Amino acid sequence: MQDAAPPATVSRLITYLRAVADLHGAGTAITSSDSLAATTGISAYQIRKDLAYFGTFGTRGSGYDVPLVHERLREILGLTTVWRVGIIGMGRLGQAITDYPAFGEYGFSIAAMFDHDPDVIGQEIAGITVTDIRHMPETTASRGVEMVLVTVPAAAAQGVAELAVGAGIRAILNFAPVVLRVPAGVHVEPVDFLAGLKRLSYHLRGLPVLKTPGRTQTA
Ligand code: NAD
């Protein structure tokens, strides 16, 4: 297996895949680094460099072969297999995620749902019955779950992550606003839209503020 690419490169590859998938879907056969730069906002130089690192995707001067780049990016990103995903915490966010139609687009399949609330356990959501979290090890094993989404309150997140790791899970997408401590070899991706808002706030700081009635200042 090729050495793991740095996270920034992986993020760019995901952006390229999105752009190339759109072209592929529209039946476009050939594209160029300039054209990809225009849709992705990443420089043509960076695109050429990234793609050259992973192979040859067309003849020099004639552009990139779209189906080839599409397939190769999917392979590099491990998206040619269907990943079976579990969701831990079937409250508002966990349920909203099951409604997201694009979830399956890249081959992610929700295969199990867990909760600890007796009122939630046994409910059927999007065709899957919510399992008692105490049965996570046998359920993940029997359904081939390899990734989990953590959508429990912050105070419960570390505990459920440990249960997941104990059940053999090596990839966790964490929506709870807490840093998870996991053993080496387990990958955690945090998703925090409030952090995004805070980054935006940082960029707007010091600008003249709108005099909106009721606008308050935090301490
Ligand atoms: P919620 O209270 O509606 O749902 C939480 C669910 O987790 C409940 O069904 C509860 O029974 C279950 N749960 C709690 N402890 C558990 C445990 N130990 N084992 C198994 N299940 C357990 O909460 P929500 O609004 O869906 O938010 C869930 C998490 O997602 C929170 O941490 C919240 O801060 C976070 N959140 C993140 C984003 C984001 O963009 N990242 C957005 C909204 C919410």
Side-chain angles (χ1 to χ4, degrees), residues 1-7 10-11 13-14 17-18 21 73-198:
M1 200 201 267
Q2 201 153 21
D3 282 349
V10 176
S11 296
L13 295 180
I14 293 166
L17 176 59
R18 211 160 39 220
L73 284 173
R74 290 179 65 237
E75 279 167 20
I76 294 164
L77 290 166
L79 294 170
T80 49
T81 32
V82 174
W83 293 105
R84 296 171 74 80
V85 176
I87 306 180
I88 309 177
M90 294 314 297
R92 284 163 296 199
L93 183 60
Q95 296 204 29
I97 287 170
T98 66
D99 279 341
Y100 185 46
F103 199 80
E105 210 170 279
Y106 286 110
F108 296 101
S109 159
I110 300 172
M113 300 175 184
F114 303 98
D115 209 287
H116 73 165
D117 181 341
D119 289 340
V120 180
I121 294 164
Q123 271 186 33
E124 194 176 299
I125 300 170
I128 294 179
T129 304
V130 179
T131 305
D132 186 332
I133 188 150
R134 287 176 297 184
H135 299 309
M136 187 155 51
E138 58 271 32
T139 307
T140 52
S142 66
R143 300 189 193 172
V145 171
E146 285 170 285
M147 302 180 178
V148 293
L149 276 53
V150 168
T151 51
V152 297
Q158 181 64 35
V160 303
E162 286 171 16
L163 285 176
V165 171
I169 298 296
R170 295 286 169 269
I172 300 174
L173 188 62
N174 176 32
F175 290 83
V178 60
V179 176
L180 297 179
R181 294 175 311 280
V182 291
V186 178
H187 301 278
V188 177
E189 275 287 331
V191 182
D192 188 350
F193 82 92
L194 278 177
L197 285 176
K198 287 173 197 163

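Fair warning: this is a prediction, and the values are worked out from it, not measured in the lab.
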Sequence neighbours excluded, every pair satisfying salt bridge (Lys or Arg N to Asp or Glu O under 4.0 Å) that has a member inside residues 75-101
Arg72-Glu75

CD1 of Ile133 to OG1 of Thr139: how many Å apart, nearest 0.5 Å?
10.0 Å

Thr129 (side chain) donor-acceptor with Gly122 (main chain) under 3.5 angstrom:
no

May I have all residue pairs that pass side chain to side chain donor-acceptor pair (under 3.5 Å) and include part of residues 156-172, sequence neighbours excluded?
Gln158-Glu162

Pairing residues for Leu77 by the side-chain contact (heavy atoms from CB on, under 4.5 Å) criterion, not counting sequence neighbours
Val10, Leu13, Ile14, Leu17, Leu79

If I take atom OG1 from residue Thr98 and atom CD1 from residue Ile87, how far apart are they, to the nearest 0.5 angstrom?
6.0 Å

Which residues share a salt bridge (Lys or Arg N to Asp or Glu O under 4.0 Å) with Arg74, sequence neighbours left out
Glu71

Kindly give the heavy-atom pair with the smallest separation between Asp119 and Gln123, and that separation in Å.
O-NE2, 3.0 Å

Name all residues meeting the side-chain contact (heavy atoms from CB on, under 4.5 Å) criterion together with Ala161; count only those two or more places apart in sequence or in a different chain, and write none if there are none.
Ile172, Leu180

For Pro183, give me all partners under side-chain contact (heavy atoms from CB on, under 4.5 Å), at least two apart in sequence or on another chain.
Val165, Val186

For residues 128-150, which residue pairs qualify under salt bridge (Lys or Arg N to Asp or Glu O under 4.0 Å), counting only residues two or more places apart or in two chains?
Asp132-Arg134

Can you list every salt bridge (Lys or Arg N to Asp or Glu O under 4.0 Å) pair that touches residues 181-193, not counting sequence neighbours?
none

Let me check something: any side-chain donor-acceptor pairs from residues 108-116 under 3.5 Å, sequence neighbours excluded? List them with distances.
from   : atom 1 : to     : atom 2 : distance (Å)
Asp115 : OD1    : Asp117 : N      : 3.0
Asp115 : OD2    : Met90  : N      : 2.7

